[in-house]
Novice: 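I'd like to ask you about the structure that follows.
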Amino acid sequence: MSQVEELKQNLKTQLQQAILSAGLAGEEEIPEIVIETPKDKDHGDFATNAAMQLARIAKKAPRAIAEDIAEHINYEEAAVEKLDIAGPGFINFFMKKDYLLDVVKTVLTQKENFGRSDYGKGTKVQVEFVSANPTGTLHLGHARGAAVGDSLSNILDKAGYQVEREYYINDAGNQIDNLTLSLEARYLQELDEDAVMPEDGYQGADIIGFAKEIVSAYGDRFKDADQEKRRAFFREYGLKRETDKLKDDLADFRVNFDNWFSESSLYEEDKIQPVLDELKQRRNTYEEDGATWFRSTEYGDDKDRVLIKNDGTYTYLTPDISYHKDKFNRGFDELINVWGADHHGYIPRMEAAIQALGYQKDQLTVQIIQMVNLFENGEKVKMSKRTGNAVTMRELMEEVGIDATRYFFAMRAPETHLDFDLTLAKSESNENPVFYVQYAHARICSMLRQADEKGYTIDADADLSILKSEKDHALMKKVGEYPEAIVDAARRHAPHRVTNYVYDLAQTLHSFYNAEKVLTEDESLTKARLALIEAVRITLQNALETVGVNAPERM
RNA sequence: GACCCUGUAGCUCAGCAGGAUAGAGCAGCCGCCUCCUAAGCGGCAGGUCGAAGGUUCGAAUCCUUUCAGGGUCGCCA
């Protein structure tokens with residue numbers, strides 16, 4: 001538990017005792033005490049609405065209750081400097097400042113581990129994200145999914161979960177036959193043969209590129225080869241190259257998976273039929289119109305779903321159910337699937353499936369990623385200027401840079417529609433929030449370099465009690481809030497809580513910088529302020545790392 | 001027709017397990033570099049929180065209805 005949490009917890013306990021000893025409520029009646037951090041600093045470090053909550057129980061006016069609590073609370077034990085009763089009955093607490101000094105020491109000691117907590121208690125959670133078909137190039141929406149999935153994984157990890165990132169490769173459906181046939185056609189075309197692309201063939205330039213590779217490596221060896229063998233080769237080749245490309249694109253975007261799970265491995269390892277049998281045994285299936293159906297309506301879906309089509313093949317759902325069963329078999333307590341908004345209609349049937357298999361609905365969370373619209377100079381960008389096709393993730397990375405791209409995607413709530421402002425993301429100016437935050441880090445580094453030249457070292461045991469200005473305290477307080485920001489982001493699957501936090505911290509640092517000097521004639525003051533800004537630097541770096549953004553030393 | 005997401009300042013968005021005069025950035029206006037990076041800081045102005053009901057001591061936040069924008073409704077994946 002972080003200092004700030006401990007402090008709040010202790011304050012809660014002391015409040016409960018004060019309420020009891022003032023006879024305002026019995027032990028059974030005390031409501032859950034909520035300690036909040038007021039937005040307005042005139043309202044103290046912390047505030048509680050306990051007096052208002054107690055009004056009905058104690059049958060007294062909230063302000064009178066607040067007076068009673070104020071008389072009975074142990075200031076020393078609660079670490080309260082002074083308190084005010086305000087508004088309709090809020091109690092505002094101004095805390096003793098010692099805890100703030102401890103915050104700085106903690107950061108300097110824990111360094112990159114500052115912000116870690118045991119909130120998740122080691123729960124094993126798997127985050128599955130991107131999982132785009134290996135048949136083409138990653139686009140805007142995938143980029144957002146990648147940024148959110150990776151940031152969320154980092155956040156959960158810091159919040160004390162055991163996290164595994166997984167990519168589900170859809171390498172078994174019709175789309176792979178299509179890929180095979182497309183590649184075969186492109187290959188033959190490269191050899192000036194008369195070959196037509198399949199009706200829904202993949203027109204992407206990547207496939208033409210692969211065909212050229214095959215020609216230069218193998219020549220026309222496959223031209224007259226046995227069709228079955230030839231297609232097996234193209235299938236494998238196409239899949240391998242598409243998957244490698246996905247991995248490269250994602251790695252360059254600073255997204256790395258622990259596991260790439262192949263859909264076809266479910267077939268190879270015979271993991272599908274047993275799950276069908278299990279559903280059948282549990283009477284969750286029935287036969288109709290020559291097909292096998294899953295009775296998903298039993299679990300809240302609005303219609304039943306086909307598992308085996310009347311041509312004897314599986315629908316997409318069938319191996320997917322087996323896949324989710326396999327995830328649980330691998331020991332995960334919770335599953336998080338990050339899906340594009342176009343898949344939201346699929347959620348009820350997946351939830352139905354895991355319940356039919358005996359798991360709890362809340363063991364699966366589907367985090368929907370809403371659509372992204374690109375804007376440049378106020379105009380909606382429909383297509384890439386370079387290719388005339390949809391804008392790819394790689395183009396975005398190259399055009400606006402990885403830091404800005406990652407930050408912009410992390411910056412907004414995942415389930416909201418996103419307007420991505422290319423002009424803003426590319427601008428190297430104060431308008432751009434990424435630069436604003438990175439600048440705070442670079443500014444600190446600059447001061448630290450100069451301190452180093454003057455022979456100063458960072459001293460975790462520096463006497464911080466001489467830091468008494470409002471800006472000093474505001475900065476320490478903001479640093480202390482970081483662990484809570486991470487927990488909050490983890491709890492709500494909300495990476496944007498981290499970008500909001502880091503922006504606030506940068507703002508507090510810039511404000512501090514303009515009001516107070518770090519490198520001064522006063523040696524002990526200088527040492528104390530150096531310790532403080534180093535703590536801020538570490539916190540900025542840790543926070544940026546969770547959203548995949550670099551913390552530069554110079555700008 | 002059903003379902004999902006979103007309607008908060010001119011623009012882009014926070015805030016939503018109810019709480020104090022609704023916040024930030026950008027854009028606009030006014031100030032601040034003999035001083036550790038002005039990619040910065042301080043200030044001013046700007047909002048019937050889509051609308052209407054309801055619950056509550058208290059609603060941007062919860063409930064109902066309704067309007068608007070986007071998305072999805074396959075024995076495709």
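Numbered from 1 within each chain, the chains take letters A, B, ... in sequence-line order.
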Novice: Taking the six-membered ring of A:Tyr119 as reference, does the NZ or CZ atom of A:Arg491 fall below 6.0 Å from its centre and within a 45° cone about the axis?
Specialist: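 Geometry flag: not set, cation outside 6.0 Å or 45°.
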Novice: For B:rC32, which nucleotide in any strand shown is its Watson-Crick or wobble partner with both distances under 3.5 Å?
Specialist: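 Looking at the geometry, B:rC32 pairs with B:rG40.
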Novice: Give a yes/no answer on whether the side chain of A:Arg529 brings an N or O atom under 4.0 Å of OP1 or OP2 in B:rC36.
Specialist: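 No, outside the criterion.
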Novice: Looking at A:Arg492, does any N or O in its side chain come under 4.0 Å of the phosphate oxygens OP1/OP2 on B:rC16?
Specialist: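 For A:Arg492, the contact criterion (side-chain N or O under 4.0 Å from OP1 or OP2 of B:rC16) is met.
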Novice: Regarding A:Asn170, tell me which of base, sugar-phosphate or nothing describes its non-hydrogen contacts under 4.0 Å with the strands shown.
Specialist: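 If one applies the 4.0 Å heavy-atom cut-off, A:Asn170 turns out to touch nothing in the nucleic acid.
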Novice: At 4.0 Å (heavy atoms only), tell me whether A:Tyr513 reaches a base, stays on the sugar-phosphate, or touches nothing.
Specialist: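 Touches a base.
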Novice: Is a donor from one side chain sitting under 3.5 angstrom from an acceptor on the other, for A:Thr180 and A:Asp177?
Specialist: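 Judged by distance alone, the side chains do not pair up.
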Novice: For A:Asn174 and B:rC76, is the shortest distance between a side-chain N/O and OP1 or OP2 below 4.0 Å?
Specialist: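 Checking B:rC76 against A:Asn174, no side-chain N or O comes under 4.0 Å of OP1 or OP2.
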Novice: Which part of the nucleic acid, if any, lies within contact of A:Ser446, taking any heavy atom under 4.0 Å across all strands shown: a base, the sugar-phosphate backbone alone, or nothing?
Specialist: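 The residue A:Ser446 makes base contact.
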Novice: Answer yes or no as to whether B:rA14 has its base stacked against A:His496, where stacking requires a ring-centre separation under 5.5 angstrom and planes under 30 degrees apart.
Specialist: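 Not stacked by the 5.5 Å and 30° rule.
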Novice: With heavy atoms under 4.0 Å as the rule, sort A:Ala413 into base, sugar-phosphate or nothing.
Specialist: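 Sugar-phosphate contact only - A:Ala413 comes under 4.0 Å of backbone atoms but never of a base.
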Novice: So, is A:Tyr346 close to the B:rC76 phosphate, meaning a side-chain N or O under 4.0 Å from OP1 or OP2?
Specialist: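 No, because none of the side-chain N or O atoms of A:Tyr346 sits under 4.0 Å from OP1 or OP2 of B:rC76.
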Novice: When you measure from the side-chain N and O atoms of A:Thr292 to the phosphate of B:rC75, is any distance below 4.0 Å, counting only OP1 and OP2?
Specialist: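 Answer is no, no contact under 4.0 Å.
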Novice: With respect to the phosphate group of B:rG74, does any side-chain polar atom (N or O) of A:Lys303 fall under 4.0 Å of OP1 or OP2?
Specialist: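 Indeed, a polar side-chain atom of A:Lys303 lies that close.
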Novice: Under 4.0 Å from OP1 or OP2 of B:rG74: is there any side-chain N or O of A:Thr315 that close?
Specialist: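 It does not, given that no N or O in the side chain of A:Thr315 lies less than 4.0 Å from OP1 or OP2 of B:rG74.
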Novice: Taking A:Glu128 first and then A:Lys327, would you say they form a salt bridge - that is, a charged N and a carboxylate O separated by under 4.0 Å?
Specialist: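 Counted as a salt bridge, because a side-chain N and a carboxylate O are separated by less than 4.0 Å.
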Novice: Are A:Phe90 and the base of B:rA20 stacked, counting only ring centres nearer than 5.5 Å and planes tilted under 30°?
Specialist: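 It does: the two rings, one from A:Phe90 and one from B:rA20, meet the stacking criterion.
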Novice: Ignoring backbone atoms, test whether A:Arg497 places a side-chain nitrogen or oxygen under 4.0 Å from the OP1 or OP2 oxygen of B:rG15.
Specialist: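 Looking at the OP1 and OP2 atoms of B:rG15, one of them is under 4.0 Å from a side-chain N or O of A:Arg497.
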Novice: At 4.0 Å (heavy atoms only), tell me whether A:Glu32 reaches a base, stays on the sugar-phosphate, or touches nothing.
Specialist: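 A:Glu32: no heavy atom of the nucleic acid under 4.0 Å.
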Novice: Looking only at side-chain N and O atoms, does A:Lys309 come under 4.0 Å of OP1 or OP2 in B:rA77?
Specialist: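 So the side-chain polar atoms of A:Lys309 do come within 4.0 Å of the phosphate oxygens OP1 or OP2 of B:rA77, strictly under.
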Novice: Under 30°, 30 to 60°, or over 60°: which ring-plane class applies to A:Tyr503 and A:Tyr436, parallel, tilted or perpendicular?
Specialist: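 Ring orientation of A:Tyr503 relative to A:Tyr436: parallel.
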Novice: Strictly by modelled atom types, are A:Ser511 and A:Gln507 linked by a side-chain donor-acceptor pair under 3.5 Å?
Specialist: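 Absent: no donor and acceptor within the cut-off.
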Novice: When both hydrogen-bonding distances must be under 3.5 Å and the geometry is Watson-Crick or G-U wobble, what is B:rU48 paired with, if anything?
Specialist: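 When the pairing criteria are applied, nothing turns out to pair with B:rU48, so the answer is none.
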Novice: Does B:rG18 have a Watson-Crick or wobble partner in any strand here, with both distances under 3.5 angstrom, and which is it?
Specialist: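 No nucleotide pairs with B:rG18.
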Novice: At 4.0 Å (heavy atoms only), tell me whether A:Met411 reaches a base, stays on the sugar-phosphate, or touches nothing.
Specialist: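 Answer is nothing: A:Met411 stays at 4.0 Å or more from every strand.
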Novice: Side chains of A:Asn432 and A:Tyr407 only: does a donor on one sit below 3.5 Å from an acceptor on the other?
Specialist: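 There is no such pair (donor and acceptor under 3.5 Å, judged by atom type) between the side chains of A:Asn432 and A:Tyr407.
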Novice: Taking any heavy-atom pair under 4.0 Å as a contact, classify A:Asn310: base, sugar-phosphate, or nothing.
Specialist: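 If one applies the 4.0 Å heavy-atom cut-off, A:Asn310 turns out to touch a base.
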Novice: Return the value, rounded to whole Å, for the distance between atom CG of A:Leu307 and atom C1' of B:rC75.
Specialist: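 The answer, rounded to whole Å, is 11 Å.
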Novice: Quick one: label A:Ala442 by what it contacts on the DNA or RNA (base, sugar-phosphate, nothing), any heavy atom closer than 4.0 Å.
Specialist: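 If one applies the 4.0 Å heavy-atom cut-off, A:Ala442 turns out to touch a base.
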Novice: Going by the angle between their ring planes, with limits at 30° and 60°, are A:Trp339 and A:His324 parallel, tilted or perpendicular?
Specialist: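 Taking A:His324 first and then A:Trp339, their aromatic rings stand perpendicular (interplane angle over 60°).
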Novice: Can you find a donor-acceptor pair, distance only, under 3.5 Å between A:His417 side chain and B:rG71 base?
Specialist: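 In this structure, the two groups form no donor-acceptor pair.
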Novice: If B:rG10 has a Watson-Crick or G-U wobble mate with both distances under 3.5 Å, name it; if not, just say none.
Specialist: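 Pairing partner, where one exists within any strand: B:rC26.
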Novice: Can a donor-acceptor pair under 3.5 Å be found between the side-chain atoms of A:Asn92 and the base atoms of B:rA20?
Specialist: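 A donor-acceptor contact between them is present.
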Novice: Counting any heavy atom closer than 4.0 Å, what does A:Met371 reach on the DNA or RNA strands: base, sugar-phosphate only, or nothing?
Specialist: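 Contact class for A:Met371: sugar-phosphate only.
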Novice: Just compare B:rC75, B:rU37, B:rA24 and give me whichever is closest to any side-chain atom of A:Gln507.
Specialist: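 The answer is B:rA24.
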Novice: OP1 or OP2 of B:rA14 sitting under 4.0 Å from any side-chain N/O of A:Tyr503?
Specialist: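 So the side-chain polar atoms of A:Tyr503 never come under 4.0 Å of the phosphate oxygens OP1 or OP2 of B:rA14.
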